[in-house]
Amino acid sequence: MIGVFDSGYGGLTIFKYIEESLPDYDYIYLGDNARAPYGDHSQEIIYQYTKQAVDYLFAQGCDLIILACNTASAMALRKIQQKYLPKYYPGKKVLGVIRPLAEAVGQISNSSIIAVMGTNSTVESGTYINEFADISKSIKVVQQACPLLVPIIEESREDHPETELILKGYIEPLKKQNPDIVVLGCTHYGFLEGKIKKQFGKQTQVLNSGEVVAQKLSEYLEKHSILVKKSSDRKRVFLTSNSSEKFDKAAQKFLGRTIKSQTINF
Ligand code: DGL
């Protein structure tokens, strides 16, 4: 079974593409909506929250967990992979989303100007800058923290008029740098992809994070096929730490089908 974790709804923008390209697995999605946004918490808090989610998902029978959350990937993944898993879950895997996105950009071009939009934590961590530096010295990264966007998504206010204005405030400074590619360095922003694309205009490519992560995951599972068993049950379980009614509404809107989630307590 594969676990997909996010601080809230954002990971659904990744899960949608993962289940489309890899339907023959069982999945559990866990959104820690009650404690979102993560992006303004300290590294220690983000690590503790992510560790709780990882424990919960492994206890449900997951063999592999995707941290479909850039903030958790930036602030907690390394410690989980290097310290926590070897001690408590040897043989199980936790993967993040930042490395695959950086690699995908590197495959498109290794000398571009890349704009990264993300949470305060992700931007301040410098994780994207470091990952891109690993891939090519001629990639120039310009970053913009967009702290108001996660609350907008968690409150399902994507289509309210103020959202366009808030986006403009974040996107205008990036546009002045003439980026070739935009990375949505927060999975929540996938809910605003259409609006973000429109504001950048046709000359800038906005990378679809869900497609990239799904593609990289299927390559990973091809190489590590014994890690997770395929399943004809195609189980889909949705868990949230907040109201399940609220989760179902938001998830339904994005996934285009009826979702019945369960509320959990960590
Ligand atoms: N989806 C998370 C990310 O990709 C949002 C973080 C938050 O809760 O602030 O960064």
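Just follow the structure's listing: the first ligand is 1, and inside any ligand the first atom is 1.
In this structure, the ring of Y49 has its center less than 6.0 angstrom from the ring center of Y38.
Among residues at least two apart or in separate chains, ring pair (Phe, Tyr, Trp, His ring centres under 6.0 Å) pairs with a member in residues 195-232 are Y220-H224.
Inter-residue side-chain proximity for E154 and P37 is flagged as unmet; no heavy-atom pair is nearer than 4.5 Å.
Considering L207, T13, I196 as possible partners of L184, the one that fulfils the side-chain contact (heavy atoms from CB on, under 4.5 Å) test is I196.
Listed as neighbours of ligand 1 are D6, S7, P37, Y38, G39, C69, N70, T71, T119, V150, C186, T187, H188, each bearing a heavy atom under 4.0 Å from the ligand.
From F254, atom CZ reaches atom CD1 of I259 across 12.0 Å, with rounding to the nearest 0.5 Å.
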- Item | CA sep, side-chain torsions, deciding dist, call: Y189, Y170, ring pair (Phe, Tyr, Trp, His ring centres under 6.0 Å) | CA-CA 12 Å; Y189 306 169; Y170 291 141; 8.2 Å; no
